[in-house]
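Everything numeric here is computed off the predicted structure, so don't read it as measured data. Below, read A as the first sequence line, B as the second, and so on, with proteins coming before strands; counting in each chain starts at 1.
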Amino acid sequence: MTSELHLYDTAARAVDRFVPITPGKVGIYLCGATVQAPPHIGHIRSGVNFDILRRWLTATGYEVTFIRNVTDIDDKILHKAVHEKTPWWAVAMKYERAFTSAYSSLNVLPPTYEPRATGHITQMVSLMETLIANGSAYAPGNGDVYLEVRKLKRYLTLSNQKLDDLQPAEDADMTYKKDPRDFALWKAAKPGDPSWPTPWGAGRPGWHLECSAMAFAYLGESFDIHGGGLDLIFPHHENEIAQSEAAGYGFAKRWMHNAWVTTSGEKMSKSLGNSLQIHEILKKGVRGIELRWYLGSAHYRSMLEFSFESLEESSVNFRRIEAFLKRAAEATGKHAELKFSQAFADAMNDDLAVPAALASISEAVRLGNTAITEGDSKAVATYASEVRGALSILGCDPSDEAFASAGSASNEALDGLIQLALDQRNAARARKDFAAADAIRDQILHLGILIEDTPQGTRWSIQ
RNA sequence: GGUCGGAUGGCCGAGAGGCGAGGCUCAGGACUGCAAAUCCUGCCACACGGGUUCAAAUCCCGUUCCGACCUCCA
């Protein structure tokens with residue numbers, strides 16, 4: 001009897017059983033990047049966390065439609081374009097590529113579809129027409145369009161705030177707004193800004209509208225899960241809910257938010273100057289698979305306090321698991337199949353309890369290592385399958401071609417050379433000339449190759 | 001002012017009334033010519049003060065400290 005998937009819902013502030021709208025299918029909308037800077041590890045943690053959710057849903061038989069948007073127009077992109085003397089669309093494309101590359105380095109699967117805001121102006125205009133027609137929004141005549149928050153049946157249900165408790169924005173322009181908390185669906189074009197024609201004048205989208213319009217376009221009026229970082233709860237997600245519900249849509253049935261990556265206890269962000277970009281870490285020689293293992297290892301709702309020390313510690317742990325899979329393959333003569341244990345499934349079904357899932361992997365590795373020592377190849381195959389299957393769901397299967405290393409031809413030559421040295425060394429060992437044998441081992445170790453003697457013979461690996 | 005998190009062993013990091021998650025480090029042992037790897041054993045922690053209970057890291061009350069959001073944010 002398998003356990004059933006339970007997930008946290010930010011709106012309910014509780015974990016409860018996941019029941020899809022349509023049996024067997026799941027629609028997920030994840031707020032992706034506003035492409036105005038290269039991704040830091042916090043952005044990619046979000047990608048990894050939701051990638052794990054998606055992989056788990058897929059592994060347990062759901063057909064997942066995963067939409068992750070790109071917001072390719074906003075104030076910062078326009079500012080940056082002016083600053084860099086580059087067209088705004090070139091700025092957006094540059095950083096979109098940086099995000100794509102970072103996701104790919106960490107084996108985050110491409111979404112089913114990745115809609116860009118600027119490609120969905122028609123859908124946004126249509127949504128605004130609906131909102132104006134039913135009295136939820138107004139166009140004061142200057143080209144802006146605002147949502148009238150006082151008219152909403154409910155508002156701020158995710159962040160559990162009261163409208164009157166909000167600190168009104170100091171810079172709220174009351175020339176056209178009916179209430180300082182009304183937010184812009186659409187912004188009138190300023191000279192030099194890109195713009196699109198609408199019934200209310202030329203302009204560009206406000207920040208929140210694109211997600212409501214695109215979620216509707218690809219997932220319909222109502223869908224299963226909406227995800228994003230904790231800091232999007234207010235205002236972004238509140239305003240998405242406001243727009244979509246005012247338009248009469250059921251919108252997201254469940255809200256999931258990942259916590260931050262912190263340094264010195266503080267949230268990583270560009271404005272604090274403490275952000276760490278993915279490519280900076282990879283440049284230090286950290287493997288993508290190890291960085292992913294680290295970012296995915298904490299529970300998605302817990303803060304992850306980043307340090308290179310704990311990253312290295314996590315990598316040591318991963319290499320032990322990886323080494324087990326390698327030795328298991330040698331012992332059984334084949335790659336392990338992809339399976340997972342009940343303990344792993346129970347952990348994942350409990351709101352993606354990855355730390356508990358990791359404990360189940362460690363247990364399987366320990367038992368599998370013992371089975372290798374005992375020569376029980378059937379047991380080795382069983383544990384290796386469980387480990388590899390679990391790793392695969394976490395996106396960290398070492399045999400995944402996403403992490404494949406190149407150069408198998410040169411490896412053959414290397415293999416021959418090392419075999420030559422090993423033959424020499426084993427000859428020395430046979431005549432009990434251990435000084436010579438150890439000298440060979442030490443010299444090879446200096447070249448970065450580790451030699452290990454096992455009851456099954458001598459094996460080598462690149463450090 | 002409003003809303004919301006957090007504090008766990010040398011370190012990372014789970015758990016949420018009873019049975020010591022797991023990992024890393026370190027120490028000892030087994031195995032080994034020696035290493036390495038592996039396995040075994042050990043290192044009995046929950047910010048502080050009260051309370052509830054047969055039993056509290058977990059529930060309640062209070063305190064301290066850290067952090068996040070309140071219209072830029074993953």
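Nearest nucleotide to the side chain of A:V316, out of B:U25, B:C39, B:C34: B:U25. Distance from the side chain of A:Q161 is smallest to B:U3 among B:U3, B:A74, B:U71. Of the listed nucleotides (B:U38, B:A36, B:A74), B:U38 has the atom at the smallest distance from the side chain of A:T373. Distance from the side chain of A:K267 is smallest to B:A68 among B:A68, B:C39, B:U71. Residue A:Y155 places its side chain closer to B:U71 than to any other of B:A74, B:U71, B:G33. With B:A68, B:A35, B:C4 as the choices, the nucleotide that has an atom nearest any side-chain atom of A:R13 turns out to be B:C4.
Between B:A21 and B:C44, the distance separating the two C1' atoms is 15 Å to the nearest Å. B:U71 and B:G13 are spaced 35 Å apart, taking the C1' atom of each and rounding to whole Å. Taking the C1' atom of each, B:G22 and B:A45 are spaced 15 Å apart, rounded to whole Å. Taking atom P on both B:G15 and B:C59, the two are 13 Å apart, rounded to the nearest angstrom. Taking atom P in both B:G62 and B:C24, one finds a spacing of 42 Å when rounded to whole Å. Nucleotides B:C39 and B:C48 have their P atoms positioned 35 Å apart, rounded to a whole Å. Comparing the C1' positions of B:C66 and B:A30 gives a spacing of 46 Å, expressed to the nearest Å.
If you check distances only, the side chain of A:D165 never reaches the base of B:C70 with a donor-acceptor pair under 3.5 Å. Between the base of B:A74 and the side chain of A:R45 there is no donor-acceptor pair shorter than 3.5 Å. Scanning atom types as modelled, no donor and acceptor separated by under 3.5 angstrom connect the side chain of A:E266 and the base of B:G67.
A salt bridge is defined here as a Lys NZ or Arg NE, NH1 or NH2 lying under 4.0 Å from an Asp or Glu carboxylate O, and A:R429 with A:D423 fails to meet this definition. A salt bridge does not link A:D179 to A:K151: none of the charged nitrogens lies less than 4.0 Å from a carboxylate oxygen. A:K339 has no carboxylate O lying under 4.0 Å from a charged side-chain N of A:E386, or vice versa, which leaves the two without a salt bridge. In this structure, A:R431 pairs ionically with A:D433, as a charged nitrogen and a carboxylate oxygen lie closer than 4.0 Å. A:E245 and A:R154 are joined by a salt bridge, as a carboxylate oxygen and a charged side-chain nitrogen come within less than 4.0 angstrom of each other. Salt bridge annotation for A:K187-A:D193: absent, with no cationic side-chain nitrogen under 4.0 angstrom from a carboxylate oxygen. No salt bridge links A:R254 with A:D9; every basic N to acidic carboxylate O contact stays at or beyond 4.0 Å.
In this structure, A:E452 places its CD atom 17 Å from P of B:U32, rounding to the nearest Å. For the pair A:I233 CD1 and B:A68 P, the interatomic distance rounds to 15 Å; values are reported in whole Å. Summarising the geometry, the separation between CZ on A:R429 and C1' on B:G33 is reported as 8 Å, rounded to the nearest angstrom.
Using N1 to N3 plus N6-O4 or O6-N4 for Watson-Crick, or N1-O2 and O6-N3 for G-U wobble, each under 3.5 Å, B:C69 pairs with B:G2. As the counterpart of B:A16, no nucleotide is assigned, since no Watson-Crick or G-U wobble pattern has both distances under 3.5 Å. Applying the Watson-Crick and G-U wobble criteria (two distances, each under 3.5 Å), B:U63 pairs with B:A47. Across every strand in view, B:U38 sits in a pair with B:A30 that passes the Watson-Crick or G-U test at under 3.5 angstrom.
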Protein-nucleotides 28-31 of chain B N/O pairs under 3.5 Å:
none

What pairs of nitrogen or oxygen atoms, one from the protein and one from nucleotides 19-23 of chain B, lie under 3.5 Å apart?
{"unit_1": "B:G22", "atom_1": "O2'", "unit_2": "A:S362", "atom_2": "OG", "d": "3.1"}
{"unit_1": "B:G23", "atom_1": "O3'", "unit_2": "A:N317", "atom_2": "ND2", "d": "3.4"}
{"unit_1": "B:G23", "atom_1": "O2'", "unit_2": "A:N317", "atom_2": "ND2", "d": "3.4"}
{"unit_1": "B:G23", "atom_1": "N2", "unit_2": "A:E313", "atom_2": "OE1", "d": "3.3"}
{"unit_1": "B:G23", "atom_1": "N2", "unit_2": "A:E313", "atom_2": "OE2", "d": "2.3"}

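The shortest distance between the side-chain N/O atoms of A:S302 and the OP1/OP2 oxygens of B:A14 is below 4.0 Å. For B:U3, the OP1/OP2 oxygens have no side-chain nitrogen or oxygen of A:N160 closer than 4.0 Å. Residue A:K432 has no polar side-chain atom (N or O) positioned under 4.0 Å from OP1 or OP2 of B:C34.
In the displayed structure, A:R287 atom CZ is contacted under 6.0 Å by more than 12 heavy atoms of other residues, nucleotides or ligands.
Residue whose closest nucleotide on RNA chain B sits further toward the 5' end, between A:I41 and A:G265: A:G265. Both A:L450 and A:G42 lie close to RNA chain B; mapped to their nearest nucleotides by heavy-atom distance, the more 5′-ward contact belongs to A:L450.
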Evaluate the salt bridge (Lys or Arg N to Asp or Glu O under 4.0 Å) criterion for residues A:R116 and A:E96: first the C-alpha distance (whole Å), next the side-chain angles of each, then the deciding distance (0.1 Å), finally the verdict. CA-CA 10 Å; A:R116 295 191 187 112; A:E96 183 182 326; 2.7 Å; yes
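Of the candidates A:L131, A:I241, A:L127, A:S212 forms a side-chain contact (heavy atoms from CB on, under 4.5 Å) with just one, namely A:L127.
A:Y138 and A:D182 form a side-chain donor-acceptor contact under 3.5 Å, judged by distance and modelled atom types alone.
Going from atom NE2 of A:H208 over to atom CD of A:E240 covers 8.5 Å, rounded to the nearest 0.5 Å.
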